[in-house]
Amino acid sequence: QVGWYNAVLQPAFHLPYPDDTLAFVVLSTPSMFDKALKPFVNKERLKIIRDPVDQCVSHHLSRVKEKFPDQKVDVIFDYEILPSRKPKFLAQTAAHVAGAAFYYQRKDVKLDPWGKKKIYGVCIHPKYGGWFAIRGLLVFPDIQVPFLEQRAPVDCVSTEGKRIELLDQFNFHWQDGRYRDIIEVKERYSEEQKAYFATPPAERFRLLGLTQ
């Protein structure tokens, strides 16, 4: 329910729907690279003019919309921002309230070791650890689900020590990706996919065989 999301945020970030409106958080798993992105690039090679991943996600979510011709479906992407420069939705908060992934934040650590440092939170998935991404939100404005039961996300980084390690690695060593393996994972990015996301965005076109 949209209301679960709005309840934990300041009004400036609220989604403009009634509380019991149905919404889905869309995640991409490690296999997205081979199963969705590469086929999309091969097929749409000449039409790719901006970020290939964003265009791929947009393509697939527009196909989801087509499956519901009688319903209004609002799609909000993780990269969209408002005129105020605020994001259209806070992806990690949405994933947490939907029960998809646990959003670990500074407040989840009792003995805070960081003093005045700015510490950002990070979502961890019980199956994929940090090897996944939150891509968007599908909102069905005309569907109300007042009896939908909220499920808590799986708290898979449950010890104080591990949470400190996770937030340390994510905030100060995120480039090496160690935070993604804070738990035992079932699947992670392939070497090719790691190389793709480690490459500056402007140079990624070349890796996919695209000219800019």
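Treat the numbers as computed from the prediction; the structure is a model and nothing was measured. Residue numbers run from 1 in the order of the sequence given.
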Under 6.0 Å between ring centres, would you say that holds for Phe33 and Tyr196?
-> yes
Between Glu187 and Thr29, does any side-chain donor sit less than 3.5 Å from a side-chain acceptor?
-> no
Residues Pro18 and Val2: closest non-hydrogen pair is O-CB, 4.0 Å
side-chain contact (heavy atoms from CB on, under 4.5 Å) evaluation trace for Trp131 with Lys194 | CA-CA 10 Å; Trp131 301 102; Lys194 284 184 203 169; 3.7 Å; yes
In sequence, state the C-alpha distance, the side-chain angles, and the governing distance for Gln144 and Thr21, and then conclude on side-chain hydrogen bond (donor to acceptor under 3.5 Å, both in side chains).
-> CA-CA 5 Å; Gln144 270 64 52; Thr21 304; 3.3 Å; yes
Between Lys38 and Glu192, is there a salt bridge with N-O shorter than 4.0 Å?
-> yes
Are side-chain heavy atoms of Tyr189 and Phe197 found at a separation under 4.5 Å?
-> yes
Would you check, one step at a time, whether the test side-chain contact (heavy atoms from CB on, under 4.5 Å) holds for Phe147 with Glu149?
-> CA-CA 6 Å; Phe147 304 111; Glu149 207 174 298; over 6 Å; no
Side-chain (Asp20) to main-chain (Val145) donor-acceptor, under 3.5 angstrom | no
Quick one: does Gln105's side chain have a donor or acceptor within less than 3.5 Å of a partner on Gly121's backbone?
-> no
Transitively linked via ILVMFWY side-chain contacts under 4.5 Å: Trp174 with Tyr103?
-> no
Under a 4.5 Å cut-off applied to non-hydrogen side-chain atoms, are Ile81 and Lys88 in contact?
-> no
Connected via hydrophobic side-chain network under 4.5 Å: Tyr5 and Leu27 | yes
Are Ile182 and Leu167 grouped together when hydrophobic residues (ILVMFWY) are joined by side-chain heavy atoms under 4.5 angstrom apart?
-> yes
Donor-acceptor contact below 3.5 Å, side chain Arg180 vs main chain Ile124 = no
Angle class for the His59/Phe40 ring planes (parallel below 30°, perpendicular above 60°, tilted otherwise)?
-> tilted
In terms of hydrophobic clustering (I, L, V, M, F, W, Y; side-chain heavy atoms under 4.5 Å; direct or indirect links), are Val154 and Leu166 co-clustered?
-> no
Is there a side-chain contact (heavy atoms from CB on, under 4.5 Å) between His96 and Val8 once you walk through the steps?
-> CA-CA 11 Å; His96 186 94; Val8 297; over 6 Å; no
Compare every heavy atom of Asp51 with every heavy atom of Val53, then report the nearest pair and how far apart it is.
-> N-OD1, 2.9 Å
So among Val25, Ile76, Val139, Leu82, which one has a side chain to side chain contact (heavy atoms under 4.5 Å, CB included) with Phe89?
-> Ile76
Parallel, tilted or perpendicular: ring planes of His125 versus Tyr128, cut at 30 and 60 degrees | tilted
Centres of the Tyr179 and His173 rings: under 6.0 Å?
-> no
For Glu184, look at atom CD and say whether over 12 heavy atoms of other residues, nucleotides or ligands are found less than 6.0 Å away.
-> no
How far apart are the closest heavy atoms of Ile183 and Pro126, and which atoms are they?
-> CD1-O, 3.6 Å
Hey, mind stepping through Ile48 and Phe205 against side-chain contact (heavy atoms from CB on, under 4.5 Å) and telling me if it holds?
-> CA-CA 9 Å; Ile48 294 174; Phe205 284 81; 4.1 Å; yes
Check step by step if side-chain hydrogen bond (donor to acceptor under 3.5 Å, both in side chains) holds for Arg204 and Thr199.
-> CA-CA 6 Å; Arg204 290 176 183 172; Thr199 301; 5.9 Å; no
Are any non-hydrogen side-chain atoms of Gln193 and Leu37 less than 4.5 angstrom apart?
-> no
His14 side chain vs Asn6 backbone, donor-acceptor pair below 3.5 Å | yes
How long is the span from the CG atom in Asp112 to the NZ atom in Lys107, to the nearest 0.5 Å?
-> 13.0 Å
Side chains of Ser28 and Val57 in contact at under 4.5 Å (non-hydrogen atoms) | no
No-hydrogen, no-angle side-chain donor-acceptor test under 3.5 Å, Trp114 and Asp168 | yes
Tyr17 and Asp74 side chains, donor-acceptor separation under 3.5 Å = yes
So, do Leu15 and Leu137 sit near enough that their side-chain heavy atoms are less than 4.5 Å apart?
-> yes
Just wondering, do Asp155 and Tyr104 contact through their side chains at under 4.5 Å, heavy atoms?
-> yes
Look only at the side chain of Glu80 and the backbone of Phe77, and say whether a donor-acceptor pair between them is shorter than 3.5 Å.
-> yes
Working to the nearest 0.5 Å, report the span between SG of Cys56 and CZ of Arg135.
-> 8.5 Å
Rounded to the nearest 0.5 angstrom, the CG-CG distance for Asp78 and Leu90 is 11.5 Å
Between Arg106 and Lys117, what is the shortest heavy-atom contact and its length?
-> NH1-O, 2.6 Å
Do Val109 and Ile164 have side-chain heavy atoms sitting under 4.5 Å apart?
-> yes
Please confirm whether the backbone N or O of Trp4 pairs with a side-chain atom of Gln150, one donor and one acceptor, at under 3.5 Å?
-> no
Is the number of heavy atoms from other residues, nucleotides or ligands under 6.0 Å of Lys127 NZ greater than 12?
-> no
Salt-bridged, Glu160 to Arg163, with N to O below 4.0 Å?
-> no
Are side-chain heavy atoms of Phe140 and Phe68 found at a separation under 4.5 Å?
-> yes
In plain terms, say whether Glu66 and Arg63 are close enough for a salt bridge, that is, a side-chain N and a carboxylate O under 4.0 Å apart.
-> no
Locate the shortest heavy-atom distance separating Gln1 from Asp19; write the atom from each residue and the value.
-> CB-O, 3.4 Å
Closest heavy-atom pair, Asp34 versus Pro39, reported as atoms and distance to 0.1 Å, is O-CD, 3.2 Å
